[in-house]
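Following: one structure in structure tokens, then a few remarks.
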Amino acid sequence: MTKTLRPAVLTLGVAVVVLPLLVVLFGTFKTLPQLFDSPLSPPSSPTLDNYRQAVDEGGLGTAFVNSAVVTAGAVLLTLVVASLAAFFCARVPGRAGWIVFGVLVAGLAVPAQAAIVPQYVLFDRLGLTDSLLGLILVDTTMTLPTAVFILGGFLRSIPEELYEAAELDGAGPLRAFRSIALPLTRPALATTAIFLFVMDWNDLLYPLLFVRSQDQRTLPLALLNFQGEFLTRYPLLFAGVVIASAPVVVVYVLLQKHFVSGLTAGAVRG
Amino acid sequence: MSSTRSGRSGRRARALWFFPVPALALYLFFFAYPTLQAFQYALTDWDGYSATYHNVGLHNLTRLATADDTFRNAAENNLKLTVVVVLAQTALALGLALYLVRTTRASTLLRAVFFLPTVLSSVSVAFVWRFVYDPDGGLLNSALRAVGLGGWQSVYLGNPNTAVFWLALTQVWFHAGQMMVVFIAGLQAIPRELYEAAELDGAGRWSRFRYVTWPLVAPATGIVLAYTTVQSFKAFDLVLGLGGNPPGPALDILSTRVYTTFSNNQFGYAAAQSLVFMALIALLTWVQRRAIRRATA
């Protein structure tokens, strides 16, 4: 009984995950009537019009560049400041290290929506709304607690003796950080980077709050606006979905292991 | 700090104290400070642009608790969403994990497939499911007609009584794979010998699950429950993608309600709502932790 149940359940599960995504992918190359007529079949006369319109009318080209800038900036900035802070927490003996760690990690318990009103006012006064720099800063702040949490755990596991040896050779903290901590935490940095990449690339809340002008939109925000403009022009919506998802899915296929551990480490932090 | 170190390296070690400064500066200025300010805003009637505002004391809180049907509606929707998602997603994730815990070629591939939706953006997932749920010619209704179950067709998100459950289904599709991975890690930590011993004692499939797997996978279950709860409060992007901005009353949840209040320039009131929202999540997490501790003690 269970011998036949298992493959049946798993096949059904795969179908439920894969079929809608396949319909979306195929649909990007179809016209709306073609999509409604036979959603599951591969496109019979493939067209690239939907992609063209998504970029031209939907502004996804600009949004793609903006997303790339914000994501790259926020991931790099977060990795630098979080690894420095985590190094401090791991290297400073006694209470100070734990206090800094506790303060930074406390942010995990606070949902982003708790602070949106004052955050908006603050960024607005600094002229940082409607700017990619503002998004980089706010994304960094949003992901900092998780990054410190993951990196802190790894940095603590580096044996003290390695640092002592380096200190005897006259290495200061910056050299110990660069030549001991960073090389040894490379796997953790990769894991964290992937977590940050997905969070920043997919973030909608802050662009929605901060961005007003069309040319500062990131992908999730531009995509959300499709819904009002193109309501049920599904092939166009689907082209938007594929453009917005392609980078993450490509990286997922290439670096699957890091991906799973990155997103799981992000989840298991609690 | 370190009395054992020599003067020279002590001076050097002082450089270490600059390491956390950038992180702390960003975090305190852009996050901790605004979070604390939310408490101050919550006591005012500020609209976001006027130069002046009044201190209204706890008026925002009493309004929220007694006179705001939209907030109560959002809280009810959120509660339904959370209960359904937590139960369905946890059960499904554990089931998949039990099926795929042994590492073979096939199970590694299947894990990757089930995890895939997690990497997509919420707006993308919402658009996929808009088509699945489209009443005219959408994927679900077409499929039902094709297999002769046309009578089961539905308007899905268009029915205000059930919309939130269809939202829950989408959320489960979105994140069950991620929680499956957490369960697999938990299951793999259970020593093989325990199962062998149980088998020697004549324990059947169910007893082995009940007396070995279930208690020993409890830490993973705790993580999954806590994370899934918080996640269902953060379904913000998914709701805006599925239900529009602002979403209609049938799909409005607490996070979208806070955002809508904010968009309507009721800054003081939105701050009060966001604090209640935060407190509710904290309360739920606390209750859950206690329940898990008691259940596994």
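- Contact of the A:D200 side chain with the A:M142 side chain is registered, since non-hydrogen atoms from C-beta on lie closer than 4.5 Å.
- Counting heavy atoms from C-beta on, the side chains of B:L94 and B:F209 come closer than 4.5 Å.
- Closest heavy-atom contact between B:S142 and B:G138: OG-O, 2.6 Å.
- More than 12 non-hydrogen atoms from other residues, nucleotides or ligands lie less than 6.0 angstrom from CZ of B:R145.
- A donor-acceptor contact shorter than 3.5 Å is absent between the side chain of B:K234 and the backbone of B:S255.
- For B:Y33, the part lying near chain A is the side chain, with the backbone staying farther off; criterion is any non-hydrogen pair under 4.5 Å.
- Residue contact with chain A, scored on non-hydrogen atoms closer than 4.5 Å, involves the side chain of B:F262 exclusively.
- Here A:F226 pairs with A:F230 under the ring pair (Phe, Tyr, Trp, His ring centres under 6.0 Å) rule; sequence neighbours left out.
- Residue with the most contacts toward chain A among B:F267, B:F19, B:W46: B:F19 (heavy-atom pairs, distance under 4.5 Å).
- For A:V121, the part lying under 4.5 angstrom from a heavy atom of chain B is the side chain only.
- Remark: B:L240 pairs with A:L204, A:L208, A:L224, B:F236, B:N245, B:P247, B:T256 by the side-chain contact (heavy atoms from CB on, under 4.5 Å) rule, at least two apart or across chains.
- Taking A:V198, A:V16, A:T78 one by one and counting their heavy-atom pairs under 4.5 Å with chain B, the maximum is reached by A:V16.
- By number of non-hydrogen pairs under 4.5 angstrom with chain B, the leading residue of A:F87, A:Y120, A:F88 is A:F88.
- Looking at A:P20, both its backbone and its side chain come within 4.5 Å of chain B, counting heavy atoms on both sides.
- With a threshold of 4.5 angstrom between heavy atoms, A:L10 approaches chain B through its backbone and through its side chain.
- B:V119 touches chain A through backbone and side chain together, each having a heavy atom under 4.5 Å away.
- Residues A:F210 and A:Q119 share a closest heavy-atom pair of CZ-O, 4.2 Å.
- Less than 6.0 angstrom separates the ring centroid of B:F131 from the ring centroid of A:F238.
- Ranked by heavy-atom pairs under 4.5 Å with chain B, the first of A:V103, A:V100, A:I116, A:L137 is A:V103.
- Listed options B:T35, B:V113, B:L96, B:V123 were ranked by heavy-atom pairs under 4.5 angstrom with chain A; first place goes to B:V123.
- In this structure, chain A has heavy atoms under 4.5 Å from both the backbone and the side chain of B:L120.
- Under a 3.5 Å cut-off, the side chain of B:D47 and the backbone N or O of B:N265 do not form any donor-acceptor pair.
- Between the side chain of A:S67 and the main chain of A:L219, a donor-acceptor pair closer than 3.5 Å is present.
- With chain A as partner, the option from B:F29, B:Y259, B:W129 having the largest number of non-hydrogen pairs under 4.5 angstrom is B:Y259.
- Under a 3.5 Å cut-off, the side chain of B:N78 and the backbone N or O of B:L254 do form a donor-acceptor pair.
- Contacts of B:A112 with chain A are made by both backbone and side-chain atoms, with heavy-atom separations under 4.5 Å.
- The heavy-atom pair separating A:A85 from A:L104 by the smallest distance is CB-CD1, 3.8 Å.
- Looking only at heavy-atom pairs under 4.5 Å with chain A, the residue among B:F233, B:F114, B:F18 that has the most is B:F114.
- If you measure heavy-atom distances from A:V17 to chain B, the contacts under 4.5 Å come from both the backbone and the side chain.
- You'll find the side chain of B:T103 reaches within 4.5 Å of the side chain of B:Q188, heavy atoms only.
- Heavy atoms closer than 4.5 Å to chain A are found in the side chain of B:I281, but not in its backbone.
- The contact between B:Y41 and chain A is made entirely by side chain atoms (from C-beta outward), counting heavy-atom distances below 4.5 Å.
- Residue contact with chain B, scored on non-hydrogen atoms closer than 4.5 Å, involves the backbone and the side chain of A:A106 alike.
- No other option in A:S245, A:G107, A:A82 has as many heavy-atom pairs under 4.5 Å with chain B as A:G107.
- Of the listed residues A:L205, A:V80, A:V18, the one with more heavy-atom pairs under 4.5 angstrom with chain B than any other is A:L205.
- In terms of non-hydrogen atom pairs under 4.5 Å with chain A, the most contact-rich of B:A38, B:A226, B:A220 is B:A38.
- Looking only at atom types and distance, the side chain of B:Q273 has no donor-acceptor partner in the side chain of B:Q266 under 3.5 Å away.
- The choice from B:D134, B:T108, B:V132, B:L275 that makes the most heavy-atom pairs within less than 4.5 Å of chain A is B:D134.
- When heavy atoms are compared at a cutoff of 4.5 Å, A:Q256 approaches chain B solely by way of its side chain, counted from C-beta outward.
- Both the backbone and the side chain of B:L26 come within contact range of chain A, with heavy atoms under 4.5 Å apart.
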